[in-house]
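This report concerns only the one structure given below.
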Amino acid sequence: MSGVFVITGPSGVGKGTLIRLLRERVPELALSVSATTRQARPGETQGEHYHFLSDEEFARHVDAGDFVEWAEYSGRRYGTLREELDRHTSGGRPVLLEIEVQGARQVRETLPDATQIFIRPPSDDALRDRLVGRGTDTPEQVERRLNVAGEELSAAGEFKHVVVNDRLDAAVDQLEAIVRGTLEP
Ligand code: ADP
Ligand code: 5GP
């Protein structure tokens, strides 16, 4: 048991919402802050939601081998810095990674003991409604994210744990059971 939990699944499925609720129930869980080259959304702050990097800064970290995993998603780069992960795991704290599917596949190779959880929407329509309802993406960005989602959903079978985020509290119950079952076997 490495104490690393990967939460993956399509954009808009509710990963961020589930993680916030899960961490209220299991406060010892840390959340890894990813690096990205996308622009900050209103209300997002540097170092809290993401480490917002320029293309050049991100490329330097790639060349230096600083990432545990990284991927291109919807024209932007996202990645987990080894230093960010070690900051938590070196003190023995369990940590969550909220990442897309290509990154989760890399973690399967680099950290094979990590617990991987795929979040599914109850339906394609629900995913669209959530992405649109979140109000953070332009209609073009929503379409791009839904196109990627089709591919991502076909990867669900690769994951040991699959949780359907239909009713929020039921999904958090399942996540909590997986995490506690791993941390306190
Ligand atoms: P992700 O982090 O996977 O991109 P978010 O956590 O931002 O997704 O959720 C996308 C939208 O869906 C948000 O507006 C959120 O409030 C909503 N949402 C999340 N889970 C549910 C659920 N179980 N039922 C209905 N709406 C949900
Ligand atoms: P968003 O732009 O909505 O914040 O994130 C877009 C996608 O990138 C989401 O599916 C999110 O899980 C993923 N993501 C966020 N951080 C990382 C990361 O560090 N690595 C990878 N591979 N994906 C990430």
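Both ligands and their constituent atoms are indexed starting at 1 by order of listing. Computation of the quantities below employed the complete heavy-atom set of this structure, encompassing side-chain atoms and omitting hydrogens, waters and symmetry-equivalent molecules. Residue indices begin at 1 and follow the sequence shown.
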Would you indicate whether the side-chain heavy atoms of Val163 and Arg120 approach each other to under 4.5 Å? no
Heavy-atom nearest neighbour in the protein, as seen from atom 16 (O) of ligand 1, with distance rounded to 0.1 Å: Thr17 OG1, 4.1 Å
Give me the atom names and distance for the closest heavy-atom approach of Ile99 to Ala104. CD1-N, 3.5 Å
Let's go through Glu69 and Thr110 carefully: what are the C-alpha distance in whole Å and the side-chain angles of both, what is the deciding distance for side-chain contact (heavy atoms from CB on, under 4.5 Å) to 0.1 Å, and is it a yes or a no? CA-CA 8 Å; Glu69 61 75 32; Thr110 52; 5.6 Å; no
Residue, atom name and distance, where the atom is the protein heavy atom closest to atom 26 (N) of ligand 1: Arg130 NE, 3.6 Å
Are any of the N/O atoms on Gly79, whether in the backbone or the side chain, positioned under 3.5 angstrom from an N/O atom of ligand 2? yes
I'd like to know if Phe5 and Val13 are part of one continuous hydrophobic network [Ile/Leu/Val/Met/Phe/Trp/Tyr, side-chain heavy atoms within less than 4.5 Å]. yes
Using only atom types and a distance under 3.5 Å, with no angle test, would you say the side chain of Glu84 pairs donor to acceptor with the backbone of Ser34? no
Are Leu175 and Ile117 side-chain neighbours, meaning at least one heavy-atom pair lies under 4.5 Å? yes
Quick check on contacts: which atoms of ligand 2 are under 4.0 angstrom from a heavy atom of Thr80? 19 (O)
the protein heavy atom lying closest to atom 20 (N) of ligand 2 turns out to be Glu69 OE2, 2.7 Å
Proximal atoms of ligand 1 relative to Asp166 (non-hydrogen, under 4.0 Å): 22 (C), 23 (N), 24 (N)
With distance as the sole test, does Gln46 use its side chain to make a donor-acceptor pair with the main-chain N or O of Phe52 at under 3.5 Å? yes
To check your reading of the model: name the closest protein heavy atom to atom 10 (C) of ligand 1, its residue, and the distance in Å. Gly12 O, 3.5 Å
Using modelled atom types only, decide if a donor and an acceptor are shared between the side chain of Glu44 and the backbone of Arg41 within a distance under 3.5 Å. yes
Within 45 degrees of the ring normal and closer than 6.0 Å to the centroid, is that where the cationic atom of Arg108 sits relative to Phe159? yes
Work out whether the distance between some heavy atom of Arg41 and some atom of ligand 2 is less than 4.0 Å. yes
Polar contact flag for Gly16 and ligand 1 (N/O pairs, less than 3.5 Å): yes
Nearest non-hydrogen contact with atom 24 (C) of ligand 2 belongs to which option: Ile99, Val13, Leu131? Ile99
What are the atoms of ligand 1, with element, lying closer than 4.0 Å to any heavy atom of Leu168? 20 (N), 23 (N)
Before signing off on this row, confirm whether Trp70 and ligand 2 have an N or O atom pair separated by under 3.5 Å. no
Checking a contact table here: which protein heavy atom is nearest atom 7 (O) of ligand 1, and how many Å away? Arg134 NH1, 3.0 Å
Top protein contact for atom 3 (O) of ligand 1, by heavy-atom distance: Lys15 N, 2.8 Å
Measure the distances from the heavy atoms of Gly133 to every atom of ligand 1 and state whether one is below 4.0 angstrom. no
For atom 12 (O) of ligand 2, what is the nearest protein heavy atom, given as residue, atom name and distance? Glu98 OE2, 2.6 Å
N/O of Arg38 under 3.5 Å from N/O of ligand 2, yes or no? yes
Within less than 4.0 angstrom of ligand 2, does Arg145 place any heavy atom? yes
Check whether the side chains of Gln141 and Glu143 place a donor and an acceptor atom closer than 3.5 Å, and report yes or no. no
Contacting atoms of ligand 2, where contact means under 4.0 angstrom from a heavy atom of Tyr73: 6 (C), 7 (C)
Ligand 2 atoms nearer than 4.0 angstrom to some heavy atom of Gly103 are 22 (N)
Report the nearest protein non-hydrogen atom to atom 8 (O) of ligand 1: residue, atom name, distance rounded to 0.1 Å. Gly14 N, 3.1 Å
With a 4.5 Å heavy-atom cut-off, do Leu97 and Ile7 have their side chains touching? no
Using a 4.0 Å heavy-atom cut-off, say whether Arg76 meets ligand 2 through its side chain, its backbone, both or neither. neither
Quick one: look at Leu131 and ligand 1, take heavy-atom pairs under 4.0 Å, and tell me if it's side chain, backbone, both or neither. neither
heavy-atom search around atom 16 (N) of ligand 2 in the protein gives Ser34 OG, 3.0 Å
How far is atom 15 (C) of ligand 2 from its nearest protein heavy atom, and which residue and atom name does that atom have? Tyr50 OH, 3.2 Å
Measuring from atom 10 (O) of ligand 2, which candidate in Glu100, Arg134, His51, Arg77 has the nearest non-hydrogen atom? Glu100
For ligand 1, does Pro10 get within less than 4.0 Å through its side chain, its backbone, both, or neither, judged by non-hydrogen atoms? backbone
Just wondering, do Ser32 and Val4 contact through their side chains at under 4.5 Å, heavy atoms? no
With nothing but distance in play, are any N or O atoms of Asn165 less than 3.5 Å from an N or O of ligand 1? yes
Ligand-side contact atoms (ligand 1) for residue partner Ser11, heavy atom cut-off under 4.0 Å: 4 (O)
Considering only heavy atoms from C-beta outward, does the side chain of Val107 approach that of Thr8 to under 4.5 Å? no
Between Glu158 and Arg105, does any side-chain N to carboxylate O distance fall below 4.0 Å? yes
Verify whether one side chain among Arg134 and Thr136 offers a donor that lies under 3.5 Å from an acceptor in the other. yes
